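Step one of this worksheet: look at the structure below.
Convention: sequence-line order gives letters A, B, ...; per-chain numbering from 1. Predicted model only: the values in this text are computed from it and were never measured.
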2 protein chains.
Amino acid sequence: MNQPLSLAETFGTARYRTTGNGPRNVRVLLEALQNVGGDTLSDMYGKGETIEKFERKLAEMLGKESGVFFPSGTMAQQIALRIWSDRKSSRVVAYHPLCHLEIHEQDGLRELHCLEPVLLADEDRLITLEDVQGMPENVACLLLELPQREIGGQLPDYAELEAISAYCREKEIALHLDGARLFEILPYYGKTAEEVCALFDSVYVSFYKGIGGIAGAMLAGDSDLAEQAKIWKRRHGGDLISLYPYILSSDYYLDLRLPQMAGYYEEARELAALYNGCAGIRTRPEVPVSNMFHLHFDVSKQEAEAIIAGVQTETGIGLVAYLKKTGESSCSTEISIGDLYKTVPKDKLREAISLLGERLALA
Amino acid sequence: MNQPLSLAETFGTARYRTTGNGPRNVRVLLEALQNVGGDTLSDMYGKGETIEKFERKLAEMLGKESGVFFPSGTMAQQIALRIWSDRKSSRVVAYHPLCHLEIHEQDGLRELHCLEPVLLADEDRLITLEDVQGMPENVACLLLELPQREIGGQLPDYAELEAISAYCREKEIALHLDGARLFEILPYYGKTAEEVCALFDSVYVSFYKGIGGIAGAMLAGDSDLAEQAKIWKRRHGGDLISLYPYILSSDYYLDLRLPQMAGYYEEARELAALYNGCAGIRTRPEVPVSNMFHLHFDVSKQEAEAIIAGVQTETGIGLVAYLKKTGESSCSTEISIGDLYKTVPKDKLREAISLLGERLALA
């Protein structure tokens, strides 16, 4: 007998997929370049119209003096914190315990920049005004991630965000936005990017999350920060002779998908409601505030994999690409709505999730 | 009256150009992708066939256990030196005063890795065995750049290179090769890449110098070094979700241009001889040992710009794209032979250089 297909395989080969924008393949780049003239000149070590125009566009969109395009957010954010640390003459910065810099960057902030992060809040909740008020006095910069990805993409109330910002201004603590998914939260807040960014001294945005580009990030802030960031970009080895494959594709997918964010958000709420109708499944947050949420299952990773793979094979609907063990009899996955969701027939989707609920109830 | 065209403009618009492979524009990427299927999957944070296959290919070509693809040589080399420094428990490394790390990286090695470079030799000559023998005892790693770009692309005799390598082995000093232009020197040495790299413990090669790719670098060495390099790549912010635009284009242009290196070298010798036939011009080295050399003029930068721009306009032959001031009445430029040289009619080239010599003699 053949081995049953893995969870990833049943997701990848499903007739329909509920999450994402499709496979990350070379077609994504070719599509972005289809209307770019072959004569378009490369950026050259951070200079030239191709990069400068996009930096100006984002600076304006985010309401900041200047933008600096980076190959990655890892590089952009370590550098932002380093600059604030140097300006405030303190090595102490503050962020959430599940901040990207804390758990996904091999400790680059400590190893390369010798910064000392203070972890605010508990792992499973958002940073509050009270946490911020309780920070040590020598914090140079507070990093807030909106939405807080590792807890399902949660957001503080806008009023609390404004209060945190006001507190930091008063105490002269720099406030940096990890806006990897900034565009994705604007429909929920009902604010423009510029309005949200006005609460922050510096901002990083990513072009390959909801925007679905290939890679790349922008750091925006005052012009002096931008000039220093370019020096640090060179030091990090990120000031490439040519970043245009990322710049041109970021620009293309930004224009394409910014208008889709409100739809992704509505679709995330719709899909989360379907999942929450099943025993043994819940979403976090219960009602999404962006295009993302986490799905939590009350069975072991192994059991859930077998059940979901079976449902995906039988129904042709790809629901879950991977699972993460969260306990002996619990597991979770991340759902991000993109272009593919709207291609899924709603009746088939309801059938698939209903079947998943039935199978989980028997587990 | 119209302003006369600048040196760069007359070079860029010349009917023929003697240096380089043509403009760095989007066509370079499109050409590299023309035979890549749209379904080809992206690398994912350093994993996947697209990146691993190319890393294996280069490791084999360079005769090392493992290769790690990097977005830039700046990142790859700082990391190589950091790993050797950690292994040897010494922060001291040694290199040439005009090493890329010393003059083009905003001091990243010191600022990010707290390494302490010892500068060997004088600025205007190669590092010798004697320099190496005179190094402080606590040097963890010696970096040699072949060819030494900033002095025109000079090379030590192969026997001296072997002696330096033997000395470092004996003293347990790691020997790292800055091989940004490694492929370009193989015809002169009459060696394979593997033979040259066998003298070194780690090697970096670039894909956008003679190879003419878009960006990207490979660091090769033992498997443990490669694994540590991947951790540092993540810390630097270079472990992008997708590096395939650089990987696929590096692979394409490597295959295309490796077989051309012997021709570029011969052409560089031919062109240098033409220049050396003119009063007021000399090349460094006098006889090139790779596809590159420097051109030195015994007139001020301003004078040389006007004269060369005039010659380029009148003859339609692009000789020099830019000049660097080296003194009140001297200046220089770098010449790198690529695909364009062979398209230049030889009689027109001789006429242009002869005219240049005449004009310089009158200056």
>> Nearest 0.5 Å, please: how far is CG in A:Leu112 from CH2 in B:Trp232?
In response: 5.5 Å
>> Rounded at 0.5 Å granularity, tell me how far CD in A:Gln106 sits from NZ in B:Lys233.
In response: 12.5 Å
> Do B:Asp107 and A:Arg235 sit within salt-bridge range, that is, some charged N less than 4.0 Å from a carboxylate O?
Replying inline: no
Check each atom of [X] against the heavy atoms of chain A and say whether the ones under 4.5 Å are side chain, backbone, both or neither.
X	result
B:Ile231	both
B:Leu248	side chain
B:Leu240	side chain
B:Leu30	side chain

Residue part contacting chain B, namely of [X], when any heavy atom lies under 4.5 Å:
X	answer
A:Glu111	both
A:His113	side chain
A:Tyr246	side chain

> B:Leu109, B:Leu243, B:Asp239, B:Thr50: which one forms the most heavy-atom pairs within less than 4.5 Å of chain A?
Replying inline: B:Leu243
> With respect to chain A, which residue among B:Ser72, B:Pro71, B:Gly38, B:Gly216 yields the maximal number of heavy-atom pairs within a distance under 4.5 Å?
Replying inline: B:Gly38
> side-chain contact (heavy atoms from CB on, under 4.5 Å) between B:Leu29 and A:Leu33: does it pass, once the steps are laid out?
Replying inline: CA-CA 10 Å; B:Leu29 177 58; A:Leu33 296 176; 3.6 Å; yes
> Hey, which of A:Asp39, A:Leu41, A:Val28, A:Val36 has the most heavy atom pairs under 4.5 Å with chain B?
Replying inline: A:Asp39
> Which of the residues A:Thr74, A:Ile79, A:Val26, A:Ile214 is involved in the greatest number of heavy-atom pairs with chain B at under 4.5 angstrom?
Replying inline: A:Val26
> How about B:Ser242 and A:Arg24: does a side-chain donor come under 3.5 Å of a side-chain acceptor?
Replying inline: yes
> What's the verdict on side-chain contact (heavy atoms from CB on, under 4.5 Å) for A:Thr40 and B:Asn25, showing C-alpha distance, side-chain angles and the deciding distance?
Replying inline: CA-CA 5 Å; A:Thr40 303; B:Asn25 60 26; 5.8 Å; no
